[in-house]
Number of protein chains: 2
Amino acid sequence: MSPYDPSAFPPFAVTVDLVVLTVRRHALCALVVRRGEAPFQGRWALPGGFVRDDEDLGAAAARELVEETGLCVHDPGALPPAPGKGAHLEQLATYGDPRRDPRMRVVSVAHLALAPDLPAPRAGGDANSARWAPVEELLHEGEPAGEAPAGEDRPEPLAFDHAQILADGVERARSKIEYSSLATAFCPPEFTVGELRRVYEAVWGVVLDPRNFHRKVTGTPGFLVPAGGTTTRQGGRPAQLFRAGGATLLNPPMLRPEV
Amino acid sequence: MSPYDPSAFPPFAVTVDLVVLTVRRHALCALVVRRGEAPFQGRWALPGGFVRDDEDLGAAAARELVEETGLCVHDPGALPPAPGKGAHLEQLATYGDPRRDPRMRVVSVAHLALAPDLPAPRAGGDANSARWAPVEELLHEGEPAGEAPAGEDRPEPLAFDHAQILADGVERARSKIEYSSLATAFCPPEFTVGELRRVYEAVWGVVLDPRNFHRKVTGTPGFLVPAGGTTTRQGGRPAQLFRAGGATLLNPPMLRPEV
DNA sequence: TCAAAAGTGTTCAGCATACACCCATGG
DNA sequence: CCATGGGTGTATGCTGAACACTTTTGA
């Protein structure tokens, strides 16, 4: 019964699972990978893996993120933001129901990553084993009951409790862009006010007034800093380019319109 | 290398640690227990323990809470609030640095509990092994550097990484009472507007305008429901008694004054 | 009568909203 | 010339901050 006795406590497997979100074609998308083995073989799941013996939880999540997407993690303190493609990474929640994995007792420390739009997912070179899927499709959002169109099959639900983890991650992202500058993590290093607005619109699923949005974000000190150039990639009048400023907390917050 | 092979992943011990907060004598206090064994023998620590083999994380935290305080957990869905003394309990974050426990690899899933003022802590009947300590004292808040008075010793720091866990829990509580009705978890079943205001003042360490606070909380639908009686336990004009209403989200939020 | 706490009414400033309007580009 | 998106100005309404004032008890 000494505290050093390994038989005094039950052994657990500890994993990290990743909710990696991005905005593609005006839709909030999550990275999912195809499971190659039982249980849930062939089903889509969140990327993840075992935490190594000498590894911190955040380091394990960052390692999995690099392995799955090639993204490096923004160190919040380090400036300039990152040499390569960077992403935001934070711990989300921990899931430990005794029956969440039929094989053994697994506790999963879920992490949330926000990434700019990437060319294509890579998962060991196999293009068919990883994809960006709209979260609306993965979570069947906006389908009260049996509202599925006759012709379309409902997609298979995610493996394990990953639908719950994904829902929690999406909810966290939706609420956190209200009062923080986190939405810039969905944008490339330089972006326009309109691009940032389309991020908010995609994540929240709403339409925002472009004029008031512009005044709000440019009027909040430290949120955006001018990058110097302009671009016309959206058509219309050229737009100023900005970089994310140092401010992380938005006060007053960006208000999410009623649903 | 089969997924069923227990040697394919390193075994972890999984614990729950509790940040139990209450408001006593106008100060935010946390429950700490004296460690009876190495490491950190004799030092104060957050209450906690191993998760059992067949137990969910939230259930383990609720069990520890009952063992340490006798408090039952409010089921958010169940009404009336609770038969006995109830408390709010939610998952906080997970701490898994490889060196956080010198004995072995321990991952701790910290939980945050908010409780009304209790007569006295009980920990196995030993009155000297558990106490409510002001968080300001435990975290040395507001002491820039070497500002400690000559006569007073700085209290011993908490064991393990519990100072960080406590700081995270306090920060969570401080921000969450802004936009939720969670502050009522610090109050007895029936309470006055003034008592609720003193909770906000203690948790935030600020002074609020009693008149505007009164209008704010009584004007938010679903936040407070009249309980019928009045009390004069604070002196002065008798105050109406209220119970916590069903609303959990405050919109617009209670604004925390600048520091 | 006074102190103390509970409530109510009123004014003012800041910010979100809505929308009219102008600017600069591509086709 | 027109469509498209970028950006500015302005009126309106809501709400939080500040504070004068009344109410109701105990000492």
Side-chain angles (χ1 to χ4, degrees), chain A residues 25-26 177-179 187 190-202 204 206-243 247 249-259, chain B residues 26 177-179 183 187 190-202 204 206-243 247 249-259:
Chain A
R25 280 170 278 121
H26 289 200
I177 65 174
E178 273 188 84
Y179 57 89
C187 294
E190 298 195 348
F191 53 89
T192 68
V193 173
E195 288 165 348
L196 183 62
R197 176 172 46 83
R198 280 180 278 276
V199 164
Y200 275 90
E201 292 179 333
W204 283 345
V206 297
V207 177
L208 300 174
D209 186 299
R211 291 88 56 127
N212 293 331
F213 183 88
H214 186 279
R215 216 194 335 265
K216 172 77 179 174
V217 295
T218 56
T220 301
F223 190 6
L224 300 181
V225 295
T230 61
T231 182
T232 175
R233 57 186 169 224
Q234 301 295 333
R237 171 176 166 179
Q240 266 191 280
L241 285 170
F242 292 92
R243 263 188 279 270
L249 256 53
L250 259 47
N251 204 312
M254 182 83 56
L255 291 188
R256 170 154 42 160
E258 304 287 327
V259 197
Chain B
H26 289 200
I177 65 173
E178 275 189 82
Y179 58 90
C187 295
E190 298 195 348
F191 53 91
T192 68
V193 173
E195 288 165 349
L196 183 63
R197 176 172 48 82
R198 279 180 278 276
V199 164
Y200 275 91
E201 291 179 334
W204 284 345
V206 298
V207 177
L208 300 175
D209 185 298
R211 293 90 56 136
N212 292 332
F213 183 88
H214 187 279
R215 221 194 330 266
K216 172 79 178 174
V217 296
T218 56
T220 300
F223 190 6
L224 300 181
V225 294
T230 62
T231 183
T232 176
R233 58 186 169 224
Q234 300 295 335
R237 170 174 166 181
Q240 268 191 280
L241 285 170
F242 292 91
R243 264 188 278 270
L249 256 53
L250 258 48
N251 204 307
M254 182 85 55
L255 290 189
R256 171 156 39 162
E258 305 285 327
V259 197

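Proteins come first, then strands; the chains are lettered A, B, ... in the order of their sequence lines, and each starts at number 1. Hydrogens, waters and symmetry mates are skipped; everything else that's a heavy atom, side chains included, is used.
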Nearest-Å distance for atom pair CG/C1', residues L208(B) and dA6(C): 16 Å
Rounded interatomic separation in angstrom, taking CG from N251(A) and C1' from dC15(C): 12 Å
Nucleotide N/O to protein N/O under 3.5 Å, stretch nucleotides 22-25 of chain D:
residue, atom, partner, partner atom, Å
dT23(D), O2, R237(B), NH1, 3.0
dT24(D), O2, R237(B), N, 3.3

W204(B) and E178(B), any side-chain heavy atoms less than 4.5 Å apart: yes
Any N/O donor-acceptor pair, R211(B) side-chain to dG16(D) base, under 3.5 Å: no
Student check: side-chain heavy atoms of D209(A) and F213(A) closer than 4.5 Å: no
Touch class at under 4.0 angstrom, heavy-atom based, for P210(A) against every strand present: nothing
Exceeds 12 heavy-atom contacts within 6.0 angstrom, atom CZ of R25(A): no
Sugar-phosphate, base or nothing in reach of R198(B), heavy atoms under 4.0 Å: sugar-phosphate
Residue-phosphate contact under 4.0 Å: K216(A) side-chain N/O, dA16(C) OP1/OP2: yes
Heavy-atom pair of closest approach, residues I177(B) and A183(B): CG2-N, 3.8 Å
Quiz item: R215(A) side-chain donor-acceptor pair to dG9(D) base, under 3.5 Å: yes
Per H214(B) side chain, nearest of listed nucleotides dA16(C), dG7(C), dA18(C): dG7(C)
Interatomic distance where CG belongs to L196(A) and P belongs to dG7(D) [whole Å]: 12 Å
Rounded distance in Å - OH (Y200(B)) to P (dG16(D)): 13 Å
Closest approach of P252(B) to K216(B) (non-hydrogen atoms, all atoms of both residues): O-NZ, 3.0 Å
Interatomic distance, M254(A) CE vs dT17(C) C1' [rounded to whole Å]: 14 Å
d(CG, D209(B); C1', dG7(C)) in whole Å: 12 Å
Residue pair T230(B), L241(B): steps toward the side chain to side chain contact (heavy atoms under 4.5 Å, CB included) verdict: CA-CA 5 Å; T230(B) 62; L241(B) 285 170; 5.8 Å; no
Side-chain (E201(A)) to main-chain (L208(A)) donor-acceptor, under 3.5 angstrom: yes
Nearest-nucleotide 5' precedence on DNA chain C, T192(B) against N212(B): T192(B)
Nearest-angstrom distance from the residue atom CZ of F213(B) to C1' of dA5(C): 15 Å
Protein-nucleotide distance (R256(B), atom CZ; dA17(D), atom C1'), rounded to Å: 18 Å
